[in-house]
2 protein chains.
Amino acid sequence: MERVRQACRSCSVSQLCLPAGLEASELDRLESALEKKMTLHRGESLYTVGDPLESLFAVRSGCMKTSVLGSDGVEQIIGFALPGELLGLDALSVERHQCTAVALDTTAICVLPFARIEDLAAELPSLNRQLLRIMGSEISREQDLLSLLANKRASERLASFLDNLSKRFSDRGYSGRDFRLYMSRQEMANYLGMTIETVSRTLSAWQREGLIHIESKALSILDPEGLRAIAGNCVAG
Amino acid sequence: MERVRQACRSCSVSQLCLPAGLEASELDRLESALEKKMTLHRGESLYTVGDPLESLFAVRSGCMKTSVLGSDGVEQIIGFALPGELLGLDALSVERHQCTAVALDTTAICVLPFARIEDLAAELPSLNRQLLRIMGSEISREQDLLSLLANKRASERLASFLDNLSKRFSDRGYSGRDFRLYMSRQEMANYLGMTIETVSRTLSAWQREGLIHIESKALSILDPEGLRAIAGNCVAG
DNA sequence: ACAATCCATTGATCTGTGTCAACCAGAACC
DNA sequence: GGTTCTGGTTGACACAGATCAATGGATTGT
């Protein structure tokens with residue numbers, strides 16, 4: 001771990017992250033509250049269920065998954081976090097993390113000590129507003145996902161998911177047509193409430209139909225419109 | 001609509017609501033920011049998708065449902081709000097409501113003008129903290145619901161739902177064994193991602209087995225343990 | 001280079017729950 | 001007092017997707 005100066009200003013996703021909308025002087029203060037950055041490797045966890053809330057985290061590069069554990073011990077993946085996204089917000093309720101965050105790839109993380117963020121937010125209204133904004137969008141992201149799981153069929157869910165990933169990659173300056181799926185088929189299936197076999201079969205069918213090309217984790221979307229049509233024009237997921 | 005003085009202090013659910021943890025002087029200021037209260041009748045809506053964010057709302061008595069509209073126009077119910085619960089948090093992301101809130105019964109609502117709450121939160125750290133806490137618990141509530149929808153079978157979902165309602169009623173000082181289901185079978189089914197027929201069949205089966213007694217909307221839980229066993233000891237829903 | 005894993009694909013079969021349809025009961029209305 | 005409506009229950013049947021099983025390909029470790 002190392003102290004990072006100018007962390008936010010040099011970060012390509014700051015406009016998607018906590019600093020969005022802050023002025024230069026405010027950014028200075030946020031950067032000085034930012035403790036350190038850390039790097040996780042595939043499979044390493046950032047926090048697990050029950051850990052006390054010490055910090056919020058921002059993904060700087062790479063990809064994380066978050067999951068909750070059902071009473072039966074079965075993992076349910078809640079989301080995949082790309083650069084610019086905040087992690088740990090669910091811990092604000094009871095001061096303990098309610099889910100587990102694991103790296104799916106080598107991932108750089110900014111650590112935001114909660115006490116400092118909280119103090120700073122009390123002084124900087126625009127920071128507090130941005131924090132609320134991010135929490136609000138996490139709430140509505142989950143609402144969209146609920147709608148997806150409750151009343152769409154498997155292929156619609158998978159198509160929405162790929163479309164959503166595509167959009168997020170292009171928002172971050174990467175190609176929305178060709179990208180790497182950081183997660184395994186198992187993880188996609190779990191996230192979308194289906195089995196690995198159904199994921200595999202559906203992808204194979206789309207490949208046969210010329211909608212996509214997929215080889216291991218490398219995905220090319222050949223017909224974005226076709227995919228969106230299957231998704232029912234809904235980009236949740 | 002009328003101005004309400006001492007709104008929070010006289011409210012039986014204030015400890016579940018925004019004022020939780022506030023000192024007397026802070027409570028004064030919150031109450032003076034609280035604009036008015038209003039009453040909705042069954043079927044009336046508090047806000048709908050796209051309405052600009054003007055206020056957050058707290059349920060004082062009665063029951064509300066919130067739902068999002070899929071791209072295909074299909075309603076997906078996201079939650080049922082009981083007294084003490086806050087509504088409108090999803091609007092903080094884009095300053096517009098992302099879902100619709102409709103009364104399921106005659107319902108009293110406290111209106112919290114967002115601009116005033118925001119200003120006040122900047123001055124009262126404990127209020128801001130409580131707002132974040134409530135948003136955090138909404139996030140984890142939805143996470144639990146995701147887990148329920150993605151990998152539980154219909155009967156487990158329904159049992160979890162009833163168990164969760166039971167718990168919330170008893171938290172509010174009502175009986176957790178005998179209570180009125182404010183929502184229709186159709187609304188339960190929609191919320192839990194199943195059909196009305198499956199809800200009906202499952203309830204009938206449990207009635208036959210002596211787990212519950214249900215007549216129209218009046219539910220008695222005869223065997224809470226049995227119900228919880230079906231739910232797999234998970235209280236999400 | 002080989003075995004040992006792990007992950008993905010594909011096929012065959014089974015099942016939970018959706019779909020379609022008939023029926024019933026209570027509420028609302030003439 | 002009957003008619004219509006709305007919401008709920010029950011049954012028969014169909015099907016999307018789960019489950020079980022076999023195989024293949026890639027990655028890891030020795």
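Naming: A, B, ... by sequence-line order, numbering from 1 per chain. Just so you know, these numbers use all the heavy atoms, side chains as well, and skip hydrogens, waters and symmetry mates.
- Atoms CZ (B:Arg208) and C1' (D:dG11) sit 12 Å apart, rounded to a whole Å.
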Heavy-atom protein contacts under 4.0 Å, nucleotides 19-24 of chain D, coded B base, S sugar-phosphate only, - none: BB----
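- Within the 3.5 Å criterion, the main-chain N or O of A:Gly62 finds no donor-acceptor partner in the side chain of A:Thr107.
- To the nearest angstrom, C1' of D:dT9 lies 14 Å from CD of B:Glu215.
- Put simply, chain A comes within 4.0 Å of DNA chain C, heavy atom to any atom, from C:dA8 to C:dA12, going 5' to 3'.
- Taking the six-membered ring for Trp and thresholds of 30 and 60 degrees, A:Tyr47 and A:His97 have nearly parallel ring planes, at less than 30 degrees apart.
- The nearest whole Å value for the distance from the CG atom in B:Leu219 to the C1' atom in D:dG8 is 15 Å.
- For the pair B:Leu181 CG and D:dG8 C1', the computed distance is 13 Å after rounding to whole Å.
- Residues passing the side chain to side chain donor-acceptor pair (under 3.5 Å) test with A:Ser200, sequence neighbours excluded: none.
- Taking atom CE on B:Met183 and atom C1' on D:dG8, their separation rounds to 16 Å, with Å as the unit.
- With sequence neighbours excluded, no residue forms a side chain to side chain donor-acceptor pair (under 3.5 Å) with A:Asn190.
- In this entry the distance linking NZ of B:Lys152 with C1' of D:dA18 reads 17 Å, nearest Å.
- Judged by distance alone, with hydrogens and angles left aside, the side-chain atoms of B:Ser160 form a donor-acceptor pair with the main-chain N or O of B:Glu156 at under 3.5 Å.
- For the pair B:Ala154 and A:Leu203, nearest-nucleotide mapping onto DNA chain C gives the more 5' position to A:Leu203.
- Nearest-nucleotide assignment on DNA chain C puts the 5′-proximal partner with A:Arg42, out of B:Ser155 and A:Arg42.
- A salt bridge between B:Glu142 and A:Arg141 is absent, with no side-chain N of the basic residue lying under 4.0 Å from a carboxylate O of the acidic one.
- Relative orientation of the B:Tyr174 and B:Phe169 rings is perpendicular, given thresholds of 30° and 60° on the angle between their planes.
- A centroid separation of 6.0 Å or more is found between the aromatic rings of B:Tyr182 and B:Phe80.
- The bend of the helix from C:dA1-D:dT30 to C:dC30-D:dG1, defined by the angle between the axes of its first five and last five pairs, stands at 40° to the nearest 10°.
- A donor-acceptor pair is defined here as one N or O able to donate and one able to accept, closer than 3.5 Å; no such pair exists between the side chain of A:Arg172 and the backbone of A:Val13.
- Remark: P of D:dG17 and CG of B:Asn151 are 16 Å apart, rounded to the nearest angstrom.
- Every residue meeting the side chain to side chain donor-acceptor pair (under 3.5 Å) condition with B:Ser220, not counting sequence neighbours, appears here in chain and number order: B:Asp178.
- Of the N and O atoms on the side chains of A:Ser45 and A:Thr48, not one donor lies less than 3.5 Å from an acceptor on the other residue.
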